[in-house]
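For reference, the structure is listed below as structure tokens.
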Amino acid sequence: MADSDAAIEALSFEDRRFPPSPEFVNHALATDASMYDDATKDREAFWAKQAESLDWYDKWSTICEWNLPFAKWFVGGTLNVSVNALDRHVVAGKGDKVAFHWEGEPGDTRTITYAQMLDEVERFANVLKNLGVKRGDRVNIYMPMIPELPVAMLACTRIGAAHSVVFGGFSSEALRDRINDAEAKVLITADGGYRRGAASGLKVNVDVAVKETPTIEHVVVVRRTGQDVEWSEGRDHWWHDLMDDSALEKHCEPERMDSEDLLYLLYTSGTTAKPKGIMHTTGGYLTQVAFTHKYVFDLHEHEDIYWCAADIGWVTGHSYIVYGPLTNGATSVMYEGTPDFPDKDRWWSIIEKYRVSILYCAPTAIRTFMKWGTKYPDGHDLSTLRLLGSVGEPINPEAWVWYWNTIGGGRCPVVDTWWQTETGGIMISPLPGVTTLKPGSATHPLPGVVAELVDEAGKPVTVGGGYLTLTEPWPGMLRGIWGDPERYKETYWSRFEGRYFAGDGAKLDDEGYLWLLGRVDDVMNVSGHRVSTTEVESALVDHPTVAEAAVVGANDATTGQAIIAYVTLKAGETGDEAHGQRLREHVSVKIGPIAKPKTIVFTDDLPKTRSGKIMRRLLRDVAEGRALGDTTTLADAGVVEEIARRAATSPTEE
Ligand code: PRX
């Protein structure tokens, strides 16, 4: 861990402490250590107790079957996710309760109750059936943040099909590859969505993607923006035509799913160029997201207005916009667009309008708001807020304290939640009525979660830096990588014997608080989104003018990390600004705008060891403006000095 050692040593602990206030504790769901004690006494029984808050058709016979590294939870139990998210609330007389206050970016709104959600989900489930979707099939979803997106997901769960949601910011090629890997039959999309005041095109990307997706039989299109779209008769169908068909059955009997049936796939970047289809199953996943959503956010079902400002295209949206909140019967806000449209106070006006009490967002957003200044939040009544959450990347103490003061008015606990696509739900986080907070620390593993730091040799670390590992199975854990069980073992379970290796470095202080430090592998974290260095390198090398490329993530004050690419062009090519722009566009087309390098440094050579391995550590030193580390193993030490000189003058794109 040579690279992260420096980062670990550089980290001095923040010693400010924020115990829960008496006002918060008086009202909180959890106020003492009893859940931790229960879970320590009998971890499986603890999770079984949480599972009991769900509706099951058949109860499980075994809580957990652990055949390292393969886990099964609530074995023999059967349930349906849409029934847990919708029917049971309607049956309990809460059909008129608002599930979503939806706000479109242009200002149009929809208020959707639990009964209305259920009605739409049942009808859309029948639409899917009529299109030939069967239990066990995969359905791809590529949509903006509109209510039809959770409807589509829940409709899949109703009939036992697994969804694979692809973030709307991904390119047609990224979409194509994910569809082909999942072998989906049906693709659900929209003509476009609104972002920063303009209609973006989604159907245009779909048209390109499905030219090379042999398994797709039907494309269902929501009309959101009204823009002109190309149409393939027989393959393409308007959502509203299918839903309004008078012959459409209104009721759809839910499938009784096995606890371990596949619920969804969600693709995430790893250290190779090919994204991994992370597999989540039904009973354990739902148990964990419902439990964590309730206790980490201290959800009072009848009082709170909850807003997770992520996109459903990422795991945060799956677990904490759709599955957790609906299973808990919460009222949520869902917003389509960006925080700066029509002005930089959009979020604060949404909080004021809907009287939001719980806000969950990413540090990159907080740092952006800090940059914009306090006048935007100060112009709005944020007094309804009582709890704030953070997710996706380490939150620096400065941003934490700003969030606490400026947004939370000094009265709202800030829960910094560590987890991953693979973990399904939150793993390390304070319990807001119990834990004394330290700005920048995700504090402790939640009840039922066992995390340990280990050193290079896999030996547990009690104080100091190490690699974050998880030592016991948890209900929401990934069950594998779609189509590649070997890669599952290799990626997560081979680095340290018998342990799940998360890919993150962390430090434990002498009071047992965990401080997450970021990835220690070749995965970058840009604005809370995972991007693989290898994936960006492959996209660059795919361009006809590029001979070789190396990509690193460099610290960035706003986005956490920024993508820096070192590119060697083929003979006769000129590395000027226009060329850099063409390469950025190429990466955007191959992967999506989130993967565009901020800086491209053209160089005649890359720093390599004598055996030809690129020394990324040195490239990171250059990117972060540090003195160069040890260069003695380089084949040609002059190369890196030349790169440093060029980097200083290379154009960057904000
Ligand atoms: O490096 C960690 C970082 O995000 C990675 C997981 O990314 P993803 O699967 O896209 O899921 C993001 C949302 C759950 C982790 O390996 N990460 C996530 N939350 C935190 C974090 N790093 C530090 N602190 C966090 N609270």
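Just so you know, these numbers use all the heavy atoms, side chains as well, and skip hydrogens, waters and symmetry mates. Order of appearance sets the numbers: ligands from 1, and atoms from 1 within every ligand.
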- Query: Does P394 come within less than 4.0 angstrom of ligand 1, counting non-hydrogen atoms of the residue?
  - Reply: yes
- Message: Considering non-hydrogen atoms of the protein only, which is the closest contact for atom 9 (O) of ligand 1, and what is the distance?
- Response: T421 OG1, 2.5 Å
- Does ligand 1 have an atom under 4.0 Å from some heavy atom of G392? yes
- Consider only side-chain N and O atoms of T157 and Y323, and report whether a donor and an acceptor are under 3.5 Å apart. no
- Message: Working to the nearest 0.5 angstrom, can you tell me the gap between I395 CD1 and D416 CG?
- Response: 6.0 Å
- Looking only at protein heavy atoms, what sits closest to atom 7 (O) of ligand 1 is R530 CD, 3.0 Å
- Item | Identity of the nearest option to atom 22 (N) of ligand 1, non-hydrogen atoms only, from E422, E393, H529, M524 | E393
- Note on the structure: Of V520, D504, N525, the one whose closest heavy atom lies nearest atom 2 (C) of ligand 1 is D504
- Nearest non-hydrogen contact to atom 13 (C) of ligand 1 from the set I428, T316, T417 belongs to T316
- Report the C-alpha distance between D177 and K274 in whole Å, list the side-chain angles of each, state the deciding distance to 0.1 Å, and finish with yes or no for salt bridge (Lys or Arg N to Asp or Glu O under 4.0 Å). CA-CA 9 Å; D177 293 347; K274 191 175 181 290; over 6 Å; no
- Provide the number and element of each atom of ligand 1 under 4.0 Å from a heavy atom of W419. 6 (C), 14 (C), 15 (C), 18 (C), 19 (N)
- Item | Residue V391 vicinity, atoms of ligand 1 by number, heavy atom under 4.0 Å | 13 (C), 14 (C)
- Task: Of the side chain and backbone of Q420, name the one, both, or neither that has a heavy atom under 4.0 Å from an atom of ligand 1.
- Result: both
- Atoms of ligand 1, numbered as shown, that sit under 4.0 Å from any heavy atom of D416: 25 (C), 26 (N)
- Sequence neighbours excluded, every pair satisfying side-chain hydrogen bond (donor to acceptor under 3.5 Å, both in side chains) that has a member inside residues 495-504: W418-D504, Q420-Y500, E452-R499, E456-R495, T469-R499
- Is there any N or O on R519 that sits under 3.5 Å from an N or O of ligand 1? yes
- Task: State whether a side-chain donor-acceptor pair under 3.5 Å links K276 with T491.
- Result: no
- Does the side chain of E260 come under 3.5 Å of the side chain of T281 through a donor N or O and an acceptor N or O? yes
- Message: Return the OH to CD1 distance between Y306 and I358, rounded to the nearest 0.5 Å.
- Response: 7.5 Å
- Pairwise distance OH(Y267) to CG(N140) - rounded to 0.5 angstrom: 7.5 Å
